[in-house]
Enquirer: 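One structure follows; several queries about it will come next.
From a predicted model like this one, the values you see are computed outputs, not experimental measurements. Reckoned from all heavy atoms, side chains included, excluding hydrogens, waters and symmetry mates. Lettering follows sequence order; numbering is per chain, from 1.
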Number of protein chains: 2
Amino acid sequence: VHVDELAALLPPGAVLTDPASVAAYRHDWARDPAAETPAAVVRARSTADVSTVLRWACARAVPVVPRGAGSSLSGGASGVAGGITLSLELMREVTVDPANRLVVAQPGAITADVKAAAAEHGLWYPPDPSSFELSSIGGNVATNAGGLCCVKYGVTADYVLGAEVVLADGTVVRLGGATVKDVAGLPLLKLFVGSEGILGVITEVTLRLLPPVTTSATTVAVFHSVAAAAEAVVAITRRIRPSVVELMDHTTINAVEDAFRMGLDRQSGALVILRSDAPGDAAAAETAVIEAECRAQGAEELYTTTDPDEGDAFMHARRSALPALERLGPLLIEDVGVPLPALPALVAGIGDIAEARATRIALMAHAGDGNTHPVIVHEAGNEDARTRALLAFDDVMALAIGLGGTITGEHGVGRLKASWLSRQLGDDVVLLTKRVKDALDPTGVLNPGVLLR
Amino acid sequence: VHVDELAALLPPGAVLTDPASVAAYRHDWARDPAAETPAAVVRARSTADVSTVLRWACARAVPVVPRGAGSSLSGGASGVAGGITLSLELMREVTVDPANRLVVAQPGAITADVKAAAAEHGLWYPPDPSSFELSSIGGNVATNAGGLCCVKYGVTADYVLGAEVVLADGTVVRLGGATVKDVAGLPLLKLFVGSEGILGVITEVTLRLLPPVTTSATTVAVFHSVAAAAEAVVAITRRIRPSVVELMDHTTINAVEDAFRMGLDRQSGALVILRSDAPGDAAAAETAVIEAECRAQGAEELYTTTDPDEGDAFMHARRSALPALERLGPLLIEDVGVPLPALPALVAGIGDIAEARATRIALMAHAGDGNTHPVIVHEAGNEDARTRALLAFDDVMALAIGLGGTITGEHGVGRLKASWLSRQLGDDVVLLTKRVKDALDPTGVLNPGVLLR
């Protein structure tokens with residue numbers, strides 16, 4: 001790879017090739033041992049930089065891995081040997097347009113900063129992946145990130161009004177814009193949201209904002225088992241739309257307690273956190289439904305607070321689950337989802353897999369939309385334990401597919417699950433995917449190995 | 001075209017070639033004089049029929065025009081000489097799955113029937129294009145249809161969870177399904193929603209349903225001018241999210257009165273109908289905001305009712321606008337949209353165009369999301385009047401593009417506006433569109449002339 005040639009086309013300092021720098025871009029948060037060290041890292045400062053990199057890479061068939069904050073949990077931003085990792089981390093401008101109720105952001109902006117900028121204007125950007133304080137908005141758009149609010153407010157794709165995208169050959173296109181309802185042309189904007197960097201590099205996004213909503217009530221329900229908790233979730237969401245429906249199992253609760261001492265009940269089999277942001281007296285009505293259905297499913301304890309700080313503390317506990325579990329050992333983080341009525345079968349099956357593979361699986365879930373994160377904890381340095389964990393990882397995906405579900409609800413396919421995609425989608429859909437990929441990136445330079453093998 | 005050959009591959013009676021039958025499929029509701037009479041009409045009864053037609057047509061490069069109820073206002077289903085019009089009107093099964101809160105429908109099902117089937121199970125399918133009692137759900141999905149509820153509940157695309165699609169070569173693929181959160185693979189499902197039949201034929205859709213919402217209050221505000229009404233809409237939607245924000249101008253109000261005697265104020269310059277479906281006491285709070293902002297913009301009259309039948313009567317008046325205007329003469333129906341703050345400039349500009357072209361333009365609008373339907377009324381048999389109307393039609397699109405808006409908010413590009421697409425999107429995006437089209441339909445058999453010239 002003639003990196004010097006590329007460096008000459010870019011502003012001074014944009015290209016990093018020293019061993020320490022490129023090594024730092026080998027892994028993303030998936031910590032995939034198979035990740036490779038890129039030949040160079042380009043830290044783009046403008047759309048023009050991105051276009052230059054792609055024009056050059058396309059002409060020379062050099063792989064390009066687009067990368068935001070590197071927080072992918074599926075290996076979507078891990079390095080490729082001989083390739084360029086194209087970091088957008090320095091492109092982080094955020095501009096709120098209150099009259100149009102939208103925000104325009106560069107891809108490297110941290111999602112929390114986008115949310116904060118909107119809030120300064122009394123507006124709300126709903127999507128809230130657990131990683132929102134660390135992940136980039138460009139990565140959120142590239143993976144169609146979910147989060148806790150999805151159950152009522154939808155996923156990232158539901159908020160993307162427009163984007164600037166650099167295509168594989170360096171062409172810059174603008175898709176969508178400030179018009180809320182617009183069906184002119186093919187829905188190409190939608191094609192790029194969730195395309196995991198294999199069709200183009202997003203260099204700017206326009207996001208719809210909402211008037212802020214106040215959370216009125218937070219309910220914490222304690223169950224003797226994950227199964228009972230899952231049944232309660234199904235029963236509640238059949239009747240109402242809470243703004244949050246999160247689940248943690250016994251292992252997760254205790255990991256959070258060990259790490260952060262939040263005062264959760266260590267004896268609980270499972271805990272469900274539910275919130276209502278219905279306006280006025282409607283919140284009390286929703287909370288009544290939540291409490292009644294939890295009781296009907298045998299909740300051992302029910303606690304509702306209307307104090308926002310107290311409610312936020314429970315949300316913080318839920319958001320702390322992954323860092324807390326990381327203290328237990330190396331993790332394999334699943335992201336499987338199922339149609340909601342299949343949630344009890346999914347959690348039961350996950351328990352069976354843990355037993356059969358003699359491995360520990362902690363469970364946390366955006367339960368209200370059937371999206372679960374079984375977290376397989378194994379022992380560092382124990383090859384046998386790692387093998388069993390990997391087998392369990394596959395078992396969980398097979399289980400989800402068997403229940404009519406998905407191998408990934410919000411993290412993306414990335415490199416970790418690319419070999420599984422055809423098992424969920426079928427060969428015809430994978431072929432169709434390849435036809436679209438080949439049409440937009442005939443040289444195959446964009447994020448090779450991601451989504452398609 | 002060897003229609004006999006095709007007929008031999010299909011069940012008896014599926015292929016119509018008699019002159020009266022094919023003539024009936026020449027036009028859709030756009031009544032485009034340039035529409036052509038197809039060589040044959042196939043009324044498919046199954047996905048297998050659709051696949052057979054496409055496999056045959058692809059091999060012989062015969063154009064295929066997919067058609068639901070034929071209610072396109074943009075010529076999306078008008079006939080092509082020498083081609084096959086593939087009607088889905090006989091495929092109209094609808095099955096509600098209450099546990100998964102979704103409905104599975106064949107494409108020829110009328111949208112009203114889908115809504116009614118959901119309602120039988122106590123569930124709600126929100127999208128409500130004005131044509132919902134006549135248009136097909138397949139057509140709604142193919143055009144990503146909007147309607148009155150979009151301002152709060154989004155467009156058709158927001159409800160499509162899955163689809164079965166027959167590709168140009170006859171391959172049948174299933175995209176998406178019952179899992180609410182699913183990011184496995186490229187968002188191909190989204191690519192087909194709004195693709196106007198140029199990428200594939202939708203043979204089944206899976207749609208998300210919501211718990212029903214009760215409209216609590218309907219407010220009708222009378223303004224001396226469309227400009228003042230538009231300003232009120234901008235002010236209101238900056239603060240809250242009403243469930244309906246519809247606008248009718250003086251001409252439209254009087255056409256409705258002439259046709260249906262609904263008791264609207266014939267002296268009004270413009271009328272805005274707003275609804276709140278906020279739960280409990282929140283509806284009264286929303287109505288207070290609506291009334292205050294209307295007053296601030298000089299509303300001459302304000303009337304709020306909490307009686308659902310009375311509220312529905314106003315909605316019925318709004319929905320009657322197009323049939324009422326049809327009595328005035330031949331119509332050219334626009335569908336332009338702008339970013340919301342540009343709505344007052346759009347309505348002012350439309351008034352200027354009417355004056356400059358000495359033509360009558362009635363205005364109705366899904367004002368809350370900046371989507372307007374200027375309806376250009378001309379005189380039957382008067383060539384000069386028709387020419388001026390056509391010039392005004394183009395002027396309105398140019399105006400919308402100049403304001404950062406769109407030539408179509410919900411009706412689709414169809415054949416009528418295909419020559420305008422590059423003016424809105426730019427040549428690079430049209431080229432990208434062609435690359436996707438060529439990848440999925442290399443022979444170009446699917447709905448030629450629609451969207452792309």
Side-chain angles (χ1 to χ4, degrees), chain A residues 99-101 143-144 146 150 155 158 167 171 173 175 177-188 190-191 193-195 211 239-241 278-282 285 337-341 369-371 404-410 412-413 421 424-425 428-429 432-433 435-436 438-440 451, chain B residues 99-100 143-144 146 150 155 157-158 167 171 173 175 177-188 190-191 193-195 211 239-241 278-282 285 337-341 369-371 404-410 412-413 421 424-425 428-429 432-433 435-436 438-440 451:
Chain A
N100 274 304
R101 220 152 70 182
T143 57
N144 186 12
C150 309
V155 292
D158 299 318
L167 304 178
T171 308
V173 293
L175 303 167
T179 307
V180 178
K181 248 168 100 184
D182 183 359
V183 296
L186 288 180
L188 296 174
K190 300 273 188 191
L191 181 61
V193 180
S195 63
R239 292 181 59 189
I240 57 165
R241 299 179 78 194
D281 54 10
V338 289
L340 209 50
D369 34 35
N371 182 204
T406 179
I407 59 172
T408 176
E410 57 180 15
V413 175
L421 192 64
Q424 178 181 333
L425 301 185
D428 279 340
V429 174
L432 181 61
T433 305
R435 281 158 72 179
V436 172
D438 290 344
L440 269 63
L451 206 141
Chain B
N100 273 305
T143 56
N144 186 12
C150 309
V155 292
D158 298 318
L167 303 179
T171 308
V173 293
L175 303 168
T179 308
V180 178
K181 248 168 100 184
D182 183 358
V183 297
L186 288 181
L188 296 174
K190 300 272 187 191
L191 180 61
V193 179
S195 63
R239 293 180 58 189
I240 58 164
R241 299 180 79 195
D281 54 9
V338 290
L340 209 50
D369 34 36
N371 182 203
T406 179
I407 58 172
T408 176
E410 57 180 16
V413 176
L421 192 64
Q424 177 181 335
L425 301 185
D428 279 339
V429 175
L432 181 61
T433 305
R435 282 158 71 178
V436 172
D438 290 344
L440 269 62
L451 206 141

Enquirer: Please classify the contact of B:Leu340 with chain A as side chain, backbone, both or neither, using a heavy-atom distance under 4.5 Å.
Expert: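 For B:Leu340, the contact with chain A is made by the backbone alone.
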Enquirer: Under a 4.5 Å heavy-atom cut-off, does chain B meet the side chain of A:Arg435, its backbone, both or neither?
Expert: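 Looking at A:Arg435, backbone and side chain both touch chain B.
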Enquirer: Of the listed residues (A:Ile240, A:Leu167, A:Thr179), which shares the most heavy-atom pairs with chain B below a 4.5 Å separation?
Expert: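 So the answer, after comparing A:Ile240, A:Leu167, A:Thr179, is A:Thr179.
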Enquirer: Under 4.5 Å heavy-atom distance to chain B, tell me which part of A:Leu421 shows up: side chain, backbone, both or neither.
Expert: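 Side chain only.
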Enquirer: For the interface with chain A, which of B:Ala157, B:Ala282, B:Ala178 has the highest count of heavy-atom pairs at distances below 4.5 Å?
Expert: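 Most pairs with chain A among the choices: B:Ala178.
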Enquirer: Less than 4.5 Å to any heavy atom of chain A: does that hold for the side chain of B:Thr171, its backbone, both, or neither?
Expert: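 The side chain, not the backbone.
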Enquirer: Which atoms of A:Thr408 come close to chain B, meaning under 4.5 Å heavy atom to heavy atom: side chain ones, backbone ones, both, or neither?
Expert: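 A:Thr408 touches chain B through backbone and side-chain heavy atoms alike.
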Enquirer: Under 4.5 Å from any heavy atom of chain B, what part of A:Gln424 do you find: side chain, backbone, both or neither?
Expert: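 For A:Gln424, side-chain heavy atoms alone lie under 4.5 Å from chain B.
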Enquirer: Output the option from A:Gly177, A:Gly146, A:Cys150, A:Gly370 having the highest count of non-hydrogen pairs under 4.5 Å with chain B.
Expert: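 Option with the greatest count: A:Cys150.
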Enquirer: Give the member of A:Val338, A:Asp281, A:Val436 that has the highest number of heavy-atom pairs under 4.5 Å with chain B.
Expert: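 Counting heavy-atom pairs under 4.5 Å, the top option is A:Asp281.
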Enquirer: At a 4.5 Å cut-off on heavy atoms, which part of A:Val155 comes close to chain B: side chain, backbone, both, or neither?
Expert: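 Just its side chain gets close to chain B.
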Enquirer: So, for B:Pro187 and A:Gly194, which heavy atoms are closest and what is the spacing to 0.1 Å?
Expert: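 Minimum heavy-atom contact is CD-O, 4.0 Å.
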Enquirer: May I ask you to decide if A:Val183's main-chain N or O and B:Thr406's side chain share a donor-acceptor pair within less than 3.5 Å?
Expert: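 No, because the side chain of B:Thr406 does not come within donor-acceptor range (under 3.5 Å) of the backbone of A:Val183.
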Enquirer: With chain B, which of A:Leu440, A:Asp438, A:Asn144 has the greatest number of heavy-atom pairs at distances under 4.5 Å?
Expert: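 Highest number of pairs under 4.5 Å: A:Leu440.
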Enquirer: How close do B:Ala99 and A:Pro341 get, counting heavy atoms only, and between which atoms?
Expert: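 Between these two residues, the closest heavy atoms are O-CG, 3.3 Å.
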Enquirer: Determine the option with the most heavy-atom pairs under 4.5 angstrom with chain B, choosing from A:Asn100, A:Leu425, A:Val413, A:Leu175.
Expert: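 Counting heavy-atom pairs under 4.5 Å, the top option is A:Asn100.
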Enquirer: Looking at chain A, which one of B:Gly280, B:Ala439, B:Gly404, B:Pro339 has the largest number of heavy-atom pairs inside 4.5 Å, strictly under?
Expert: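 If we count pairs closer than 4.5 Å to chain A, B:Pro339 comes out on top.
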Enquirer: Heavy-atom cut-off 4.5 Å, strictly under: side chain, backbone, both or neither for B:Arg241 against chain A?
Expert: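 For B:Arg241, the side chain is the part near chain A, not the backbone.
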Enquirer: Mind ranking A:Ile407, A:Asp158, A:Leu188, A:Val180 by heavy-atom pairs under 4.5 Å with chain B and telling me who comes out on top?
Expert: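 Of the options given, most contacts go to A:Leu188.
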Enquirer: For A:Asn371, is it the side chain, the backbone, both, or neither that has a heavy atom closer than 4.5 Å to a heavy atom of chain B?
Expert: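 When you check distances to chain B, only side chain atoms of A:Asn371 fall under 4.5 Å.
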Enquirer: Minimum heavy-atom separation for B:Arg239 and A:Arg101, please, with both atom names.
Expert: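 Answer, listing the atom of B:Arg239 first, then A:Arg101: N-NH1, 4.4 Å.
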Enquirer: Less than 4.5 Å to any heavy atom of chain B: does that hold for the side chain of A:Pro211, its backbone, both, or neither?
Expert: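 Contact with chain B is through the side chain of A:Pro211 alone.
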Enquirer: Check whether any side-chain N or O of B:Asp428 sits under 3.5 Å from a backbone N or O of A:Val173 as a donor-acceptor pair, and report yes or no.
Expert: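 Looks like no, no N/O pair under 3.5 Å.
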